[in-house]
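Below is one structure, written out as structure tokens, with a few remarks after it.
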Amino acid sequence: MSEFANEAGIWAARITGAVAGAGVSLVYLLPKSRREAASRFITGVSCGMIFGGPIGLWIVQQLDIAGALTGREIMVAGSAAASMGAWWGLGVLVRIAERYSARPRV
């Protein structure tokens with residue numbers, strides 16, 4: 001039963017980090033429409049959930065702080081970083097697409 005409790009804690013950390021990363025990103029790069037906000041939020045949370053573990057481990061290795069953090073802290077940090085990265089990446093792609101999708105004037 002303790003395995004399930006530990007796994008639930010990791011999932012909670014993963015979700016918390018992903019949502020927090022998307023929320024922080026909202027402050028720095030505001031969406032232009034509700035549709036853009038929704039798509040970027042869903043993408044950010046999804047990427048945070050999927051890539052949170054590997055990104056968290058990479059961050060811990062790069063900073064050489066593995067002994068100082070728990071598994072949940074690593075998961076929160078990794079999920080937040082992955083979510084923020086996806087939010088920024090999608091935001092940049094949306095801006096580029098808007099710029100180059102304008103029809104040339106004849």
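Just so we're clear, the structure is a prediction, and the values are computed from it rather than from any experiment. Below, all heavy atoms of this structure are taken into account, side chains as well, without hydrogens, waters or symmetry copies.
At least one side-chain heavy atom of Trp11 sits under 4.5 Å from a side-chain heavy atom of Met49.
Not counting sequence neighbours, the partners of Arg40 by the side chain to side chain donor-acceptor pair (under 3.5 Å) test are Glu36.
Atom OG of Ser46 and atom CZ of Phe41 lie 9.5 Å apart (nearest 0.5 Å). Atoms CD1 and CD, on Ile55 and Gln62 in that order, are 10.5 Å from each other to the nearest 0.5 Å. With rounding to the nearest 0.5 Å, the separation of CE in Met75 from OG1 in Thr70 is 10.5 Å.
Among all heavy-atom pairs drawn from Gly21 and Ser83, the shortest one is C-OG, 3.6 Å. Looking at every heavy atom in both residues, Arg72 comes nearest to Ala13 through O-CB, 3.7 Å. Residues Ser79 and Ala18 approach most closely at CB-N, 3.5 Å, considering heavy atoms. The two residues Ser39 and Thr43 have their closest heavy-atom pair at O-OG1, 2.8 Å. Counting all heavy atoms, side chain and backbone alike, Leu57 lies closest to Ile74 at N-CG2, 3.9 Å. The minimum heavy-atom distance linking Cys47 with Ala82 is given by the pair O-CB, 3.7 Å.
Every pair tested for salt bridge (Lys or Arg N to Asp or Glu O under 4.0 Å) that includes a residue from residues 49-58 fails, sequence neighbours excluded, so the list is empty. Sorted by first and then second residue, the salt bridge (Lys or Arg N to Asp or Glu O under 4.0 Å) pairs with a member in residues 20-34 read Lys32-Glu98; sequence neighbours excluded.
Using modelled atom types, no side-chain atom of Gln61 and backbone atom of Trp58 make a donor-acceptor pair closer than 3.5 Å.
Follow the hydrophobic side-chain contacts under 4.5 Å out from Phe51 and you reach Ile59 in the same cluster.
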